[in-house]
Amino acid sequence: MKLATWNVNSIKVRQPAVVAWLKETIPDVVCLQELKCTEDAFPAVSFEELGYNCAVHGQKTYNGVAILSRRPIEDATPRLPGDDGDDHARYLEAIIPSRQGTVRVASIYAPNGNPVESDKFPYKLKFLDRLKSHAQQLLKLEEPTALLGDYNIIPGPDDVWNPELWENDALYRPESRSAFRAIQYLGYTDAFRACHAQTHQYTFWDYQGGSWQKDHGIRIDHILLSPQAADHLTASGIDKNVRAGEKPSDHVPVWCEIDI
DNA sequence: ATGCCGGGCGAAGCCCGA
């Protein structure tokens with residue numbers, strides 16, 4: 001089963017690119033982030049024509065997450081527990097039947113958190129703490145679980161072209177990196193890092209300043225696997241070529257293959 | 001180091017992202 005995540009930065013603008021990528025790579029499950037639209041405006045038909053079911057947790061202008069699946073989508077559940085006052089559409093979880101049993105997947109759009117002096121940074125850290133608590137609850141189920149998405153965290157100095165320039169950025173602050181490690185310490189595996197030792201493999205390049213041409217990127221889109229999923233991990237990759245296409249998102253897809 | 005880029009909204013210019 002091939003699982004993927006992609007922050008599309010507006011599904012309305014990116015719909016042709018997503019369709020082309022789906023046709024080329026044929027993932028079984030895709031988690032999308034930054035739809036920037038409500039569920040009504042989500043272009044589900046163009047994905048259904050390719051054989052995908054869609055579950056959408058939308059929001060006008062900001063955020064918005066979705067799950068596409070070639071298999072049925074069961075129990076699609078929006079929102080991360082732990083703060084009923086949080087109305088951002090940043091989390092959608094669902095159960096997907098596999099050949100043997102099921103896989104639980106989540107599409108996650110963690111807050112950016114900049115500037116760090118603003119209330120956006122504590123909001124980010126609180127969201128990540130809620131994600132950790134929920135991830136801990138999910139471990140008790142002892143199921144194959146994949147938490148896919150834009151975590152907005154650079155895990156370490158090898159995941160950015162020039163870490164010195166990011167020291168006071170919310171994506172690289174010690175508090176953010178610590179929060180990402182804390183989820184892994186619960187028992188989750190970074191799928192890409194488990195498959196690749198190469199450093200400086202990026203998932204995001206800023207539109208500005210020729211970042212893509214200079215390969216000045218960051219690795220912030222991640223797939224975390226529960227032990228029952230990680231035990232069957234066979235491959236992972238970053239579809240970097242997508243960044244060179246027509247009207248690209250600033251993020252590219254990250255995927256993993258689990259033999260379940 | 002930032003908003004030079006790109007998108008939303010809405011019809012100019014501001015908000016937001018990373």
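A, B, ... follow the sequence lines: proteins, then strands. Residue 1 opens every chain.
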A.B. asks: Within this structure, what is the CD-to-C1' distance between Glu246(A) and dC5(B), rounded to whole angstrom?
C.D. replies: 16 Å

A.B. asks: Within the 4.5 Å heavy-atom criterion, are Phe204(A) and Arg243(A) side-chain neighbours or not?
C.D. replies: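 No, side chains not in contact.
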
A.B. asks: Ile11(A) CD1 to dG7(B) P: how many Å, rounded?
C.D. replies: 13 Å

A.B. asks: For Asp150(A), which contact category applies under a 4.0 Å heavy-atom criterion: base, sugar-phosphate, or nothing?
C.D. replies: sugar-phosphate

A.B. asks: Rounding to an integer number of Å, can you tell me how far Asp206(A) CG sits from dA1(B) P?
C.D. replies: 15 Å

A.B. asks: Please name the pair of heavy atoms, one in Asn152(A) and one in Ala110(A), separated by the smallest distance, quoted to 0.1 Å.
C.D. replies: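 Answer, listing the atom of Asn152(A) first, then Ala110(A): ND2-O, 2.9 Å.
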
A.B. asks: Applying a 4.0 Å non-hydrogen cut-off, can you work out what Asp169(A) is touching in the nucleic acid: base, sugar-phosphate, or nothing?
C.D. replies: nothing

A.B. asks: Choosing from dC5(B), dG7(B), dC16(B), which nucleotide comes nearest the side chain of Lys120(A)?
C.D. replies: dC16(B)

A.B. asks: Quick one: closest heavy-atom pair of Arg193(A) and Gln198(A), and the distance?
C.D. replies: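 Closest approach of Arg193(A) to Gln198(A), heavy atoms only: NH1-O, 2.9 Å.
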
A.B. asks: With a 4.5 Å cut-off on side-chain heavy atoms, are Tyr52(A) and Glu48(A) touching?
C.D. replies: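 No, their side chains stay 4.5 Å or more apart.
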
A.B. asks: Between dA1(B) and dG13(B), how far apart are the P atoms? Round to whole Å, please.
C.D. replies: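 Those two atoms are separated by 31 Å.
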
A.B. asks: Whole Å only: how far is the CG atom of Leu171(A) from the P atom of dT2(B)?
C.D. replies: 14 Å

A.B. asks: Is the phosphate of dG8(B), meaning OP1 or OP2, less than 4.0 Å from a side-chain N or O of Lys60(A)?
C.D. replies: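 No.
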
A.B. asks: Both Gly209(A) and Ser10(A) contact DNA chain B. Which one's nearest nucleotide lies toward the 5' end?
C.D. replies: Gly209(A)

A.B. asks: Which nucleotide in the set dC5(B), dG8(B), dA1(B) lies at the smallest distance from any side-chain heavy atom of Lys36(A)?
C.D. replies: dG8(B)

A.B. asks: Rounded to whole angstrom, note down the C1' distance from dC4(B) over to dC9(B).
C.D. replies: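 Result for the C1' pair: 22 Å, nearest Å.
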
A.B. asks: Could you please name the option among dC16(B), dG3(B), dA1(B) that lies closest to any side-chain atom of Tyr62(A)?
C.D. replies: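 Output: dC16(B).
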
A.B. asks: How do Gln208(A) and Arg90(A) order along DNA chain B: which one's closest nucleotide is nearer the 5' end?
C.D. replies: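 The residue whose closest nucleotide sits nearer the 5' end is Gln208(A).
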
A.B. asks: Roughly how many Å apart are dC16(B) and dG10(B), using the P atom of each and rounding to a whole number?
C.D. replies: 15 Å

A.B. asks: When you compare dG7(B) with dA12(B), how far apart are their C1' atoms, in angstrom units rounded to a whole number?
C.D. replies: 16 Å

A.B. asks: Checking all strands, does Tyr109(A) fall into the base, sugar-phosphate, or nothing category for heavy-atom contacts under 4.0 angstrom?
C.D. replies: sugar-phosphate

A.B. asks: Mind calculating the distance between CG (Asn9(A)) and P (dG6(B)) to the nearest angstrom?
C.D. replies: 11 Å

A.B. asks: Counting any heavy atom closer than 4.0 Å, what does His216(A) reach on the DNA or RNA strands: base, sugar-phosphate only, or nothing?
C.D. replies: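 Nothing: the residue His216(A), judged by heavy atoms under 4.0 Å, touches no strand.
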
A.B. asks: Whether Arg14(A) contacts dG7(B) is assessed here as follows: a side-chain N or O lying under 4.0 Å from the phosphate OP1 or OP2. Is that the case?
C.D. replies: yes

A.B. asks: Could you state the atom-to-atom distance from CG of Asn114(A) to P of dA1(B) in whole Å?
C.D. replies: 14 Å

A.B. asks: Can we call the ring centroids of Trp255(A) and Trp6(A) under 6.0 Å apart?
C.D. replies: no

A.B. asks: Taking atom C1' of dA1(B) as reference, at what distance in whole Å does atom NZ of Lys214(A) sit?
C.D. replies: 12 Å

A.B. asks: Could you tell me the separation between the CD atom of Gln59(A) and the P atom of dG7(B), rounded to a whole number of Å?
C.D. replies: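 Rounding to the nearest Å, CD of Gln59(A) and P of dG7(B) are 19 Å apart.
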
A.B. asks: Distance between the P atoms of dG6(B) and dA11(B), in whole angstroms?
C.D. replies: 24 Å

A.B. asks: Hey, does Asp221(A) reach any base, or is it just sugar-phosphate, or nothing, if we go heavy atoms under 4.0 Å?
C.D. replies: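 Contact class for Asp221(A): none.
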
A.B. asks: Is Arg79(A) close enough and on-axis enough to Tyr91(A), meaning under 6.0 Å and within 45°, for cation-pi?
C.D. replies: no

